[in-house]
Amino acid sequence: MGSGVSWATVHSDRRGSHVEPDAATAAFVAHRNLLFTVAYEMLGSAADAEDVLQETWLRWVEVDLATVHDQRAYLVRVTTRQALNRLRTMGRRKESYVGPWLPEPLLTAPDVAEDVELAESVSMAMLLVLETLAPTERAVFVLREVFGLEYDEIADAVGRTPATTRQIAHRARAHVAARRPRSVVSEAETRDALEAFRRAVETGDLQGLLDLLAPDVVLLGDGGGIKQAVPRPIVGADKVARLLIGGLARVAGGITMEPVQANGRPALVVRLDGELDSVVAVRIDDGRVTGLYAVRNPEKLSHMDRETALRR
């Protein structure tokens with residue numbers, strides 16, 4: 001559970017003996033991972049998702065539980081509303097962000113990868129597609145397509161009628177379908193592609209890297225103005241390959257690339273002299289890498305030191 005979150009503390013009496021959590025705390029903790037996943041998919045930021053959970057908790061403890069017929073639905077509704085508020089605020093922050101903005105990577109457990117739909121929905125590639133939706137469209141799409149909520153539940157969460165919500169869902173679904181990866185890529189295929197990528201970059205194998213990259217591959221780097229990163233998207237296999245191999249050649253040793261599970265998919269953790277430097281994720285279409293996403297902003301790497309539990 002997130003650090004500094006009041007509901008996550010263990011209750012003890014003055015003598016230090018354990019006290020069972022009250023009904024509100026127990027219900028919240030039971031749904032906590034689901035609520036975090038909803039907020040994270042809407043925001044692409046673990047830090048902001050944790051803040052949304054804190055805001056949801058503060059509202060939850062004021063509720064008379066006797067009036068709540070479906071605690072899960074109620075909590076999802078409150079979380080969605082808070083995430084929508086936060087999403088609009090984030091839009092203003094992103095306007096002044098230095099360089100490309102990428103979602104915050106999460107170190108995830110193997111069970112996330114086993115849920116193919118969940119893994120795809122939290123992948124870096126899909127989160128970037130969701131970034132192209134309007135806030136309400138994103139909320140409706142996530143709640144319907146990922147979590148399978150009924151339209152009347154979603155309508156209640158986003159403040160629209162069920163009929164309007166259906167229209168929004170249809171529009172969002174078409175928008176995402178036109179931009180998402182063309183097919184669901186297996187974990188093994190992604191892992192093999194990343195291993196080939198790592199090997200080519202580390203050995204300076206330009207041709208090997210060119211064979212792996214799609215002609216229109218896009219490299220995005222997020223340093224947030226704190227760490228050096230490409231200031232704008234780099235497009236094209238030749239440009240991307242030469243930049244990567246040339247950049248590695250300029251680093252005087254001490255660089256390692258380790259395979260990890262990030263956002264439910266295989267990714268690479270890059271360390272420089274043993275210190276976490278960046279996380280690299282990929283998008284694959286038709287067997288070739290079409291997107292490379294390198295997050296270097298240290299403020300976005302705090303969730304790579306422990307596994308984050310995600311649930312549907």
Side-chain angles (χ1 to χ4, degrees), residues 24 27-46 48-49 51-53 55-60 62-91 103 112 114-123 125-184 263-264 309-312:
F28 193 91
V29 170
H31 297 296
R32 191 268 177 195
N33 294 338
L34 164 71
L35 302 178
F36 176 86
T37 308
V38 169
Y40 177 72
E41 292 210 19
M42 286 183 60
L43 302 171
S45 164
D48 285 282
D51 288 344
V52 163
L53 260 64
E55 293 159 2
T56 300
W57 164 252
L58 293 174
R59 285 157 178 77
W60 176 241
E62 298 298 323
V63 173
D64 178 0
L65 295 188
T67 66
V68 179
H69 301 295
D70 185 335
Q71 293 180 345
R72 178 183 184 272
Y74 188 98
L75 284 164
V76 167
R77 181 165 67 247
V78 176
T79 299
T80 299
R81 290 174 178 171
Q82 296 306 314
L84 276 171
N85 293 337
R86 182 63 60 113
L87 192 57
R88 294 176 179 117
T89 301
M90 288 178 67
V112 176
E114 291 168 6
D115 184 337
V116 176
E117 290 184 357
L118 176 61
E120 186 201 11
S121 71
V122 297
S123 69
M126 178 55 75
L127 290 174
L128 284 171
V129 172
L130 295 181
E131 281 291 311
T132 64
L133 293 171
T136 301
E137 288 179 332
R138 184 167 184 170
V140 170
F141 180 87
V142 166
L143 294 179
R144 179 63 182 173
E145 299 301 315
V146 181
F147 297 96
L149 269 64
E150 298 298 330
Y151 285 111
D152 56 347
E153 292 181 274
I154 301 172
D156 200 17
V158 301
R160 304 295 177 91
T161 66
T164 300
T165 301
R166 284 179 179 274
Q167 294 174 348
I168 294 172
H170 177 76
R171 186 167 63 244
R173 198 178 300 117
H175 182 98
V176 170
R179 292 163 177 80
R180 74 195 311 167
R182 289 184 280 275
S183 61
V184 177
N263 292 62
L310 302 176
R311 295 288 182 273
R312 286 202 294 162

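What you see is a predicted model, and the numbers here were worked out from it, not measured in a lab.
When all heavy atoms of Leu310 and Thr37 are compared, the pair lying nearest together is CA-OG1, 3.3 Å. Closest approach of Ala139 to Val158, counting heavy atoms only: CB-CG1, 4.0 Å. Between Ala24 and Trp57 the shortest heavy-atom distance is O-CZ3, 4.1 Å. Of all non-hydrogen atoms in Leu53 and Ala39, the two that sit nearest each other are CD1-CB, 4.3 Å. The nearest pair of heavy atoms linking Thr67 to Asp64 is OG1-O, 2.6 Å. In terms of heavy-atom proximity, Val129 sits nearest to Arg179 at CG2-O, 3.6 Å.
For Phe147, there are no ring pair (Phe, Tyr, Trp, His ring centres under 6.0 Å) partners, not counting sequence neighbours. Applying the side-chain contact (heavy atoms from CB on, under 4.5 Å) test to Asp48 and every residue at least two apart in sequence or in another chain returns Leu43, Ser45, Arg86, Met90, Arg93.
Put simply, OG1 on Thr79 and CG on Leu34 are 8.0 Å apart, with the number rounded to the nearest 0.5 Å. In this structure, the separation between OG1 on Thr56 and CZ on Phe28 is 5.5 Å, given to the nearest 0.5 Å. One distance of note links NE2 of His31 with CZ of Arg311; it measures 13.5 Å at 0.5 Å rounding. If you take CG on Leu133 and CZ on Arg173, they are separated by 12.0 Å, rounding to the nearest 0.5 Å. Note: Thr165 OG1 to Tyr151 OH = 9.0 Å, rounded to the nearest 0.5 Å. Glu145 CD to Glu117 CD: the interatomic distance, rounded to the nearest 0.5 Å, is 9.0 Å.
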Checklist entry - Between Arg81 and Asp156, does a side-chain contact (heavy atoms from CB on, under 4.5 Å) hold up when you go through it step by step? => result CA-CA 10 Å; Arg81 290 174 178 171; Asp156 200 17; 3.6 Å; yes

Checklist entry - Can you check side-chain contact (heavy atoms from CB on, under 4.5 Å) on Leu75 and Arg32, steps first, answer last? => result CA-CA 9 Å; Leu75 284 164; Arg32 191 268 177 195; over 6 Å; no

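Between Leu35 and Val38 there is no side-chain heavy-atom pair separated by less than 4.5 Å. Side chains of Arg312 and Val146 form a contact here, defined as non-hydrogen atoms less than 4.5 Å apart. Contact annotation: the side chain of Leu149 approaches that of Arg72 to within less than 4.5 Å [non-hydrogen atoms, C-beta and beyond]. Side-chain contact between Glu153 and Arg77 is absent, with no heavy-atom pair separated by less than 4.5 Å. The closest side-chain heavy-atom distance from Asn85 to Gln82 is below 4.5 Å. Annotation: side chain of Gln167 is not in contact with side chain of Val140 (no heavy-atom distance under 4.5 Å). At a threshold of 4.5 Å between non-hydrogen side-chain atoms, the residues Met42 and Leu143 do not count as touching.
In this structure a side-chain-to-backbone donor-acceptor pair under 3.5 Å is missing from Thr132 to Leu128. One N or O on the side chain of Ser121 and one on the backbone of Leu118 form a donor-acceptor pair closer than 3.5 Å. The main-chain N or O of Pro162 is never found under 3.5 Å from a side-chain atom of Arg166 such that the two would form a donor-acceptor pair.
Of the listed residues (Arg138, Met126, Arg171), just one forms a side chain to side chain contact (heavy atoms under 4.5 Å, CB included) with Val176, and that residue is Met126.
Within a 6.0 Å sphere centred on CD of Glu131, heavy atoms belonging to other residues, nucleotides or ligands number more than 12.
Ring geometry for Trp60 against Tyr74 counts as tilted: the plane angle lies between 30° and 60°, on a 0 to 90° scale.
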